[in-house]
Amino acid sequence: MERINFQAIEKKWQKKFSKKKLYNSGKKKFYCLEMFPYPSGKIHMGHVRNYTIGDVIARYKFLNGFDVLHPMGWDAFGLPAENASKSNNLHPKIWTHQNIETMKRQLKLLGLSIDWDLEISTCDKEYYKHQQELFIDFYNNGLVSRKETYVNWDPVENTVLANEQVINGKGWRSNAVVERKKLSQWFFNITKFSNDLLNDLQDLDGWPEKVKLMQQNWIGKSFGCEINFSVSDKKKNIKVFTTRPDTIFGASFLALSADHELSAEFLDNEEFKKFKKECNKTGTTEEALANADKLGFNTKLFAQHPFITSKKIPIYFANFVLMDYGSGAIFGCPAHDQRDFDFAKRYKLEIIKVVSDKREDKELKEAFTGNGNIINSDFLNGLDIEQAKEKIINEIEKRDLGKRKTLFRLKDWGISRQRYWGCPIPMIYLEDGSVVPVDKSELPIELPDDIDLNSKGNPLDAHPTWKITTHKLSGKKAVRETDTLDTFVDSSWYFMRFCSPNHKQSPFDEDKIKYWMPVDQYIGGIEHAILHLLYSRFFTKGINKFNKRINLNEPFKNLFTQGMVCHETYRDKNGEWLYPEEIEKINSTSAVKKTDKTNVIIGAAESMSKSKKNTIDPEIMITQYGADAVRWFILSDSPPEKDIQWSDTGVSSANKFLQKIWNMNFLLSKREDKKSNKEREKQFNITINVYLNKIDKSINDFRFNVSIALFYEVYNFFKGFIDENISNKVLNENIVKVMKLMIPFTPHLANECLDLHRCKDIDKWPEIQKNVSEEIKLAVQINGKTRDIVKIKKDLSEQEITKIISKDSKAKKYIENKKIIKTIFVKNKIINYILPNQ
RNA sequence: GCCCUCGUGGUGAAAUUGGUAGACACAAAGGACUUAAAAUCCUUGCCCUUUUGGGAGUGCCAGUUCGAGUCUGGCCGAGGGCACCA
């Protein structure tokens with residue numbers, strides 16, 4: 001068998017790829033973007049999968065006549081750089097740039113069709129200068145604010161986290177229990193776009209439903225109304241938000257957050273202090289949340305029921321009421337809300353049913369939240385829930401007791417970080433206490449290189465001179481903001497910068513944005529379903545608000561979220577994790593440690609991670625099997641949106657198959673011409689064309705595992721015809737078509753083969769005819785059970801087919817001398833004869 | 001607790017308008033070639049049958065239909081998202 005040296009041809013073709021631009025016609029554009037990586041050190045298999053998928057799409061679109069924008073850059077700010085520099089005494093800038101160099105070299109080994117002239121790095125001052133400019137634009141347009149708030153404080157990272165970065169009460173990176181701390185912080189007013197961010201999801205047809213749903217839940221819109229309760233004996237009102245105003249006649253208490261303004265009156269109360277402390281504790285750990293009892297503090301105050309003059313209801317502080325949602329106060333209707341029910345049981349409060357569950361005799365064991373008719377509710381009686389809501393809200397507004405209101409769960413985006421390795425916030429504090437943006441002419445506000453990362457707290461704040469400045473307009477002394485921006489800001493507009501990465505005057509050239517945006521295909525991990533994608537949508541809408549020229553409402557037209565790359569885990573007898581190269585497999589269920597031959601425990605396949613040591617180094621795989629084989633394997637078997645399991649035998653057999661492909665191409669190039677059998681040639685052409693159609697469609701549908709299965713099939717089919725009486729010309733035409741279809745998957749091998757066949761127009765997708773087949777396979781069923789499959793001419797009628805079948809078919813014996821009651825006939829698909837039951 | 005998604009051989013999976021279930025591959029077993037091994041190739045892959053062939057079968061139970069992996073209802077199981085959101 002003729003073998004090929006993948007290392008040699010890959011090197012050769014990668015040189016050519018690096019010079020090649022994916023611009024073709026100047027007529028149709030396609031912006032293909034994969035989420036840019038964080039330069040953590042080396043690329044991992046997740047990157048390989050992400051960028052291979054993107055490369056297939058980019059190359060496919062280019063071959064189909066599109067101008068393709070396919071850039072790459074680096075999400076280069078972030079904590080790991082600081083942590084790394086502390087542990088090995090390397091400046092974050094140097095560490096980051098070294099990593100970028102390594103990963104760039106590794107990405108090139110994959111043979112990606114990336115236009116490296118467009119490369120950007122968010123830690124470059126040329127990039128963050130424009131980010132600071134955008135920040136000022138956002139500020140000037142009322143989209144930035146400064147608020148004193150409780151923040152999520154990560155005691156390990158020593159920084160503030162956004163709500164989204166707190167997972168089950170723990171920091172998303174450090175996994176440390178998050179504390180509550182009051183700080184003055186910068187915010188992007190993302191909530192100003194709550195409605196747009198929600199409604200525009202509807203237009204994103206090219207997004208996975210799952211992601212849209214997650215964002216929808218995250219934004220969390222709910223309808224209801226605000227009701228004012230007056231506090232007896234005080235000239236005070238308590239504002240309450242509810243989505244169930246229809247249950248107002250079932251209200252038996254008010255519950256307030258411990259941070260509610262009314263708590264001011266109880267600050268000296270020892271019991272209240274104890275209660276509040278208890279409240280701050282819950283909500284930190286997962287178990288606490290799940291098992292948290294409904295606890296309250298009785299204020300001994302009462303509120304006037306707005307619709308029942310004779311009724312006063314007790315006011316409690318309760319641990320399950322949150323200050324930062326609604327007004328921090330609720331009315332409790334125990335019969336129809338489970339939390340209220342638990343609370344009422346504990347404190348022996350009244351439980352009044354106001355929605356009938358049709359089992360009126362029984363005492364409630366739990367809250368009834370289903371639909372029913374309103375009872376015990378004066379003028380609402382007899383209505384259903386929706387009618388009652390409408391009527392009571394109208395009544396509340398009429399009597400001036402409150403108003404209709406829509407609430408969102410989404411909160412503003414806190415962006416201040418007390419870190420060094422991030423984009424400085426371009427704001428200054430004057431001596432008179434005012435806070436103003438720096439003059440745009442002073443941008444960029446550069447990060448200082450001389451920094452002591454071991455200083456306590458914020459390194460920029462600890463720098464001796466950096467923060468001291470003057471206000472350009474007034475000449476007055478000023479102090480810089482020493483917080484830096486959340487790195488999610490960096491990635492919220494990089495896709496726009498890619499359209500004109502070297503544009504000096506402004507963040508982007510508007511004409512380029514108008515041409516390339518929106519991104520036609522965005523590809524990345526599902527873990528960014530909420531944070532990154534929501535922030536990017538917000539940024540786009542924000543910029544669109546003050547820059548009317550770009551006329552862009554959504555950044556990503558189509559979104560694809562790929563699955564993770566998994567590998568089984570290994571532990572030795574002491575429970576220590578082991579790398580795959582440290583073990584030796586005996587069979588699929590047992591393995592031993594290479595060093596001392598002791599038993600290894602094989603664990604389930606999990607997402608590759610350094611902490612579990614179940615990683616495979618892509619570069620080693622590329623060196624061993626070739627980039628094409630790695631690409632091929634990572635796309636085969638599983639659909640790209642699902643998790644895949646890495647297997648060494650898988651990549652090795654990918655390599656073997658690609659060798660066979662080369663061998664076949666080689667044999668064809670040396671083949672002695674044969675006399676042609678026109679009929680066989682015709683059949684051959686037709687079948688190959690069927691495969692080409694199927695492969696083309698599968699690429700379009702992002703079903704690359706199917707494409708690869710079809711390549712195996714077309715290879716097996718092709719191979720069978722080499723010794724037949726078919727001319728070299730026909731074989732050559734067809735192999736060229738097949739190899740062209742392989743370019744997106746295995747660009748090195750495919751190009752090498754096309755060179756071998758002296759193919760000229762390698763940048764053009766082959767012509768694929770639609771449905772040329774004249775023969776079809778028809779299923780013959782008796783009473784719905786398939787008895788035979790017959791190969792017949794296309795478009796035959798029911799009568800013609802029945803004639804053929806009753807003459808010669810395996811189904812013949814079933815219908816011979818039988819009465820056929822009914823025939824179901826679907827042209828070119830099935831014929832089903834219904835016989836009487838026997 | 002609420003919301004969503006998914007259950008097909010030993011494994012990853014095909015079957016994309018209700019019409020051939022298991023394509024394609026991995027693993028396994030047997031065989032061919034070889035002094036031997038590797039590599040390569042072939043066969044097998046649930047049940048009955050020597051074969052021809054027949055039967056069961058897509059988590060479980062019902063239903064709709066000439067026909068259900070696909071549609072409907074209920075149950076069981078797995079995964080993901082949110083989590084005291086009023």
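Keep in mind the model is a prediction, meaning the values are calculated, not measured. Chain A is the first sequence line, chain B the second, and so forth, proteins listed ahead of strands; every chain is numbered from 1.
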In plain terms, say whether A/Glu2 and A/Lys660 are close enough for a salt bridge, that is, a side-chain N and a carboxylate O under 4.0 Å apart. no
Ion pair A/Asp342/A/Arg346, N-O distance below 4.0 Å: no
Does [X] have a side-chain nitrogen or oxygen under 4.0 Å from the phosphate oxygens OP1 or OP2 of [N]?
| X | N | result |
| --- | --- | --- |
| A/Lys785 | B/A56 | yes |
| A/Ser653 | B/A25 | no |
| A/Tyr325 | B/A86 | yes |
| A/Ser222 | B/A86 | yes |
| A/Lys294 | B/C84 | no |
| A/Asn705 | B/G12 | no |
| A/Ser636 | B/A25 | no |
| A/Thr786 | B/A21 | yes |
| A/Arg787 | B/G55 | yes |
| A/Arg409 | B/A83 | yes |
| A/Arg339 | B/G1 | no |

Cation over ring face, A/Arg409 and A/Trp218, 6.0 Å, 45°: yes
Which residues pass the salt bridge (charged side-chain N to carboxylate O under 4.0 Å, His left out) test with A/Glu261, not counting sequence neighbours? none
Would you be so kind as to tabulate the donor-acceptor pairs closer than 3.5 Å made by side chains of residues 633-644 of chain A, with sequence neighbours excluded?
from, atom 1, to, atom 2, distance (Å)
A/Ser636, OG, A/Phe633, O, 2.9
A/Asp643, OD1, A/Met564, N, 2.8

Please state how far atom [atom1] in [X] lies from atom [atom2] in [N], giving the value in whole angstrom units.
| X | N | atom1 | atom2 | result |
| --- | --- | --- | --- | --- |
| A/Asp342 | B/A83 | CG | P | 20 Å |
| A/Lys212 | B/U5 | NZ | P | 13 Å |
| A/Trp218 | B/C3 | CH2 | P | 19 Å |
| A/Lys389 | B/A86 | NZ | P | 10 Å |
| A/Asp324 | B/A86 | CG | C1' | 13 Å |
| A/Asn228 | B/A86 | CG | P | 19 Å |
| A/Ile602 | B/A27 | CD1 | C1' | 14 Å |
| A/Ile699 | B/U16 | CD1 | C1' | 17 Å |

Which value, in whole Å, describes the distance between the C1' atoms of nucleotides B/A15 and B/A83? 39 Å
Which value, in whole Å, describes the distance between the P atoms of nucleotides B/C61 and B/G12? 23 Å
Any side-chain donor near an acceptor of the partner, A/Ser653 and A/Tyr625, under 3.5 Å: no
Between A/Met323 and A/Asp701, which is nearer to the 5' end of RNA chain B once each is assigned its nearest nucleotide? A/Asp701
Ranking A/Val706 and A/Gly784 by the position along RNA chain B of their nearest nucleotide, the one closer to 5' is A/Val706
Return the set of residues passing side-chain hydrogen bond (donor to acceptor under 3.5 Å, both in side chains) with A/Thr191 (not counting sequence neighbours), or none when no residue passes. A/Asp412
How is A/Tyr712 classified with respect to the nucleic acid when contacts are heavy atoms under 4.0 Å: base, sugar-phosphate, or nothing? sugar-phosphate
Across the strands shown, which category fits A/Lys777 at heavy-atom distances under 4.0 angstrom: base, sugar-phosphate, nothing? base
Which one is paired to [N], where only Watson-Crick or G-U wobble pairs with both distances under 3.5 angstrom count?
| N | answer |
| --- | --- |
| B/U5 | B/A78 |
| B/A37 | none |
| B/A29 | B/U43 |

Regarding the side chain of A/Lys697, the nearest nucleotide among B/G19, B/U16, B/A13 is B/U16
Just compare B/U20, B/G81, B/A14 and give me whichever is closest to any side-chain atom of A/Ile789. B/U20
Quick one: side-chain contact (heavy atoms from CB on, under 4.5 Å) partners of A/Ser257, sequence neighbours excluded? A/Asp259, A/Val321, A/Met323
In B/G81, glycosidic geometry as syn within 90° of 0 or anti otherwise: anti
Which residues in residues 657-664 of chain A have a heavy atom closer than 4.0 Å to any atom of RNA chain B? A/Lys660
4.5 Å side-chain heavy-atom contact, A/Asp340 and A/Phe331: no
Determine whether any donor atom in the side chain of A/Gln338 lies under 3.5 Å from an acceptor atom in the base of B/G1, or the reverse, and answer yes or no. no
Under 3.5 Å, which donor-acceptor pairs link side chains of residues 703-716 of chain A to any protein atom two or more places apart or in another chain?
from, atom 1, to, atom 2, distance (Å)
A/Ser707, OG, A/Ser698, OG, 2.8
A/Ser707, OG, A/Arg703, O, 3.2
A/Glu713, OE1, A/Tyr691, OH, 3.4
A/Asn716, ND2, A/Tyr712, O, 3.3

